[in-house]
Amino acid sequence: MAFDTESIQAELDGRNVLWLEETDSTMRDASRLAEFNCPSGTVVGAERQTAGQGRLGRSWHSAADGLYFSIVLRLDLPSAQLPLVTMTAGLAAAEAIRQFCGAPVDLRWPNDGMIGHRKLFGILVQLDNNALICGIGVNVNQSAFPEDIAALATSLRIVTGKEHSREHLFVVILAALDEHLAILKSQGPSAILSLFTQASSYVNGRRVVVDQGARELRGTTEGLDESGFLRLRLDNGSVTTILAGGVRPA
Ligand code: BTN
């Protein structure tokens, strides 16, 4: 069923929401809206994306039945806190999904919502046209995935055995995002780092492989530093800070 923005008008509280049948990527659409000075909080979503973007230059599978949207945020935050917005959005999406249907979402640093070893949602935050563009992709009602990602992805439908209202989930995620951004603003990074640490089984004591393209690191996670980067104790005993990379269980 097509996404019904009419049915959630009252809950959107005057927020600008644009929903497209198909687009290349809502990241590009949101960036264009930011260029024309749209208000903070403006959302652009799509039923399907033909060039959905993931982190680290990867693509994001965006066939029908998922929830794909980007929000334009103009936040009055010091630039050192910007990477924390990714974690804040992940926390918000995880908390919203738990409330919405009880699915036991784990957070894999820095931006993945996981159910066991399979990915349920991803977050991509980019700085563009003087705004932060926060993209969220959630697998909601897909009953299967293409062969190349079938072992890596899951959906709420697969996890819970039933279909869910994407409109309702969208409203719950937006509310949770507002709430968590307010925590970042009022209590600062340490509050978000502590919530992320509690919500993620990956932050402490987890044997992982970090894929950094040119090299792979193996070790055991040892918490987050004050900027939100992941500390990894390598197998030779030294501790390194992971600024970027794909983390997976060893
Ligand atoms: C990742 O896990 O690598 C991030 C995935 C982010 C996907 C979302 S879907 C909505 C928005 N539009 C995009 O092209 N990407 C983000």
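Start at 1 and go down the list; that is how both ligands and their atoms are numbered. All figures in this text were calculated on a predicted structure; none of them were measured in a lab. These numbers come from the heavy atoms of this one structure, side chains and all, not from hydrogens, waters or symmetry mates.
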Subject >> Parallel, tilted or perpendicular: ring planes of His164 versus Phe100, cut at 30 and 60 degrees >> reply: tilted

Original post:
Looking only at side chains, do Asn111 and Thr86 share a donor and an acceptor under 3.5 Å apart?
Top reply: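 Thr86 and Asn111 do not have a side-chain donor-acceptor pair below 3.5 Å.
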
**OP:** Mind checking the CD-CG spacing from Gln198 to Asn204? Nearest 0.5 Å is all I need.
**Re:** 11.5 Å

Go ahead and list the nitrogen or oxygen contacts between ligand 1 and the protein that come in under 3.5 Å, distances to 0.1 Å, or just say none.
from: ligand 1; atom 1: 2 (O); to: Asn111; atom 2: ND2; distance (Å): 3.4
from: ligand 1; atom 1: 2 (O); to: Lys119; atom 2: NZ; distance (Å): 2.5
from: ligand 1; atom 1: 3 (O); to: Arg55; atom 2: N; distance (Å): 2.6
from: ligand 1; atom 1: 12 (N); to: Thr26; atom 2: OG1; distance (Å): 3.0
from: ligand 1; atom 1: 12 (N); to: Gln49; atom 2: OE1; distance (Å): 2.9
from: ligand 1; atom 1: 14 (O); to: Ser25; atom 2: OG; distance (Å): 2.7
from: ligand 1; atom 1: 14 (O); to: Gln49; atom 2: OE1; distance (Å): 3.3
from: ligand 1; atom 1: 14 (O); to: Gln53; atom 2: N; distance (Å): 2.6
from: ligand 1; atom 1: 15 (N); to: Gln53; atom 2: O; distance (Å): 2.8

**OP:** List for me each residue that meets ring-ring contact (aromatic ring centres under 6.0 Å, His included) alongside Phe121, sequence neighbours excluded, and say none if there are none.
**Re:**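 Residues passing ring-ring contact (aromatic ring centres under 6.0 Å, His included) with Phe121: none at all.
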
Original post:
Does any non-hydrogen side-chain atom of Ile158 lie less than 4.5 Å from one of Phe145?
Top reply: yes

Original post:
Any salt bridge between Asp235 and Arg207, counting N to O under 4.0 Å?
Top reply: yes

